[in-house]
Number of protein chains: 2
Amino acid sequence: MYALQAATTQRAPRPKFSNTALGAIGTVSLFERNNTIFAEGDDADRAYKVVSGGVRLCKMMPDGRRQIAAFALPGDYFGFDWLGHHALTAEALNDTTAISYARNRLERLGDEDHDVRAELYATLRHDLWAAQNHLIILGRQSARERVTSFLVELIERRKGDNLSTIAVPMTRRDMADYLGLTVETICRELSALKREGVIAIPGRHAVIVHDEAALRRASMADD
Amino acid sequence: MYALQAATTQRAPRPKFSNTALGAIGTVSLFERNNTIFAEGDDADRAYKVVSGGVRLCKMMPDGRRQIAAFALPGDYFGFDWLGHHALTAEALNDTTAISYARNRLERLGDEDHDVRAELYATLRHDLWAAQNHLIILGRQSARERVTSFLVELIERRKGDNLSTIAVPMTRRDMADYLGLTVETICRELSALKREGVIAIPGRHAVIVHDEAALRRASMADD
DNA sequence: GACGATCATTGATCTGGCGCAATGTGTGCC
DNA sequence: GGCACACATTGCGCCAGATCAATGATCGTC
């Protein structure tokens, strides 16, 4: 209790389904930019894995306010949080390819195959972990902290390459609705980070990180 | 898309473990008010079910800011989000009795017993559902909406009895840290609701609901 | 390759909720 | 049963971020 040493931030690994077991039952689907893949309340008969592109998972309020719960990027699974009906709406950020799995076949496979079961469980656990991290951002962080947290998240979700240029497949509005801010505040914070030399913004859908340490410091990611 | 009819709010039922299978492996534990049951980062060797009292599940930032992810009330399970280590800190709201289950025994049981497995899965799914609902509150709702949403949540989690008096086992600070507000704002909103005749406040740990319809209207719970 | 539309950026002003401070109110403990 | 302490409430000024408004950049498309 005395030594509040930096608790090793437990990072939940993104689950990887065994290709062997699941590969056979998936079918490829294509979605155009801004198309709805499924809506909140829809019968949850399919789940998906992003191959290319990206997906926003969100909830809408009757008056149009929107909260994005997560972004699914290549390699990520979504739509597995079934309970008969989807709890979130899924929309393509841009033209997106995904593999879709029929729910009944997934469930059957889960009953038979211990590995598949473990990975379904891991997917759910990862989503819960992500949502809990999101709660502290929305509930207790400043605009600066939110934006830098988000950029750090993009850095860490970036696959393989170690380039300082990170892809930003979503719009400013999407970022705002993910972080509980407005579009204007997102712009102002990004501009401020640019002015301070922490990042550069070569275009709408990319950010170059010049000072990752400063970014992480500003994000207070080290809880 | 035209008819934005009120999407039937999908309510995730709180899971009930089959008493037969789990009853045998649980042991009773007692925790005093404000005692830590487990801390974020602790080895997740046990999970719990609240019998009486209540528990807050929270994350802390190094500077002391706190976000409560959930409250576990009698009948609720917590500490099942394992991945080797607990992602949240669990503290007793007041003197609390809980049944605790050893992780290795739970896992073994889950492998053997289909019903137990389904219920472990349902617990995780319920927690994810709750976290996603929490996100829209923290990201997009006003103080008034947050406080009324919280009271509606307490109404709906209240077991059995249909009394208009609802128990509030947590402090104003706990409410604030759950809703992403300050203690003062909680007080002000509760006072305003009292002034408007929607509720009465007979004591620190109770609220009498005079106009539940108005409360629900103010909470925008009907997304 | 110019038009229209959407998205992004910046400035000016406004405000909901915060921070601070002072005062009430239980509530547990000796 | 009275004292001390933690919790709750209310007032007041302030500020981070929202809102409103105008301009600039980018992109698809005919």
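Below, chains carry the letters A, B, ... as their sequence lines are ordered, and counting in each starts from 1.
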- note: N34(B), atom CG; dG28(C), atom C1'; distance rounded to Å ~ 14 Å
- Task: Evaluate the side-chain proximity of V147(A) to L181(A): yes if any heavy-atom separation is below 4.5 Å, no if none is.
- Result: yes
- Take R56(B) and N34(B) through the test side chain to side chain contact (heavy atoms under 4.5 Å, CB included) and record every step on the way to the result. CA-CA 9 Å; R56(B) 58 175 170 259; N34(B) 291 329; 3.1 Å; yes
- How long is the line joining CZ of R172(B) and P of dG24(C), in whole Å? 19 Å
- Item | Side-chain (R204(A)) to main-chain (T171(A)) donor-acceptor, under 3.5 angstrom | no
- First-last contacting nucleotides on DNA chain D - partner chain A, under 4.0 angstrom, heavy atom: dG17(D) to dT26(D)
- Can you tell me which residue pairs pass the ring pair (Phe, Tyr, Trp, His ring centres under 6.0 Å) test with a partner in residues 170-199 of chain A, sequence neighbours excluded? F71(A)-Y178(A), H134(A)-Y178(A), F150(A)-Y178(A)
- Task: Let me see the working for D76(A) and R157(A) under side chain to side chain contact (heavy atoms under 4.5 Å, CB included), right down to the final yes or no.
- Result: CA-CA 10 Å; D76(A) 294 340; R157(A) 290 178 66 172; 2.4 Å; yes
- Task: Nearest whole angstrom, please: distance from the C1' of dT23(C) to the CZ of R188(B).
- Result: 14 Å
- Item | Gap between atoms CD and P, on E189(A) and dG11(C) respectively (whole Å) | 14 Å
- Could you tell me whether a side-chain N or O of T89(B) sits under 3.5 Å from a main-chain N or O of E40(B), the two making a donor and an acceptor? yes
- Message: Between V207(A) and L193(A), is there a side-chain heavy-atom distance shorter than 4.5 Å?
- Response: no
- Side chain of E184(B): nearest nucleotide among dA21(C), dA8(C), dC18(C)? dA21(C)
- Message: How bent is the helix from dG1(C)-dC30(D) to dC30(C)-dG1(D), measuring the angle between the end axes built from five pairs each, rounded to 10°?
- Response: 50°
- Side chain to side chain, H205(A) and N94(A), heavy atoms closer than 4.5 Å: no
- Separation of dG28(C) atom P from E32(B) atom CD, nearest Å, is 13 Å
- Query: Do the rings of Y77(B) and F80(B) sit parallel, tilted or perpendicular, given the 30° and 60° boundaries?
  - Reply: perpendicular
- Task: Please state how far atom CG in L181(B) lies from atom C1' in dC18(C), giving the value in whole angstrom units.
- Result: 10 Å
- Judged by nearest nucleotide, the residue sitting upstream toward the 5' end of DNA chain C, R33(B) or A143(B), is A143(B)
- Message: What is the distance, to the nearest angstrom, from the CG atom on L138(B) to the P atom on dG17(C)?
- Response: 13 Å
- Task: In whole angstrom, give the distance that lies between atom CG of L193(A) and atom C1' of dA8(C).
- Result: 16 Å
- Under 4.0 Å: is that the gap between some side-chain N or O of S191(A) and OP1 or OP2 of dT10(C)? yes
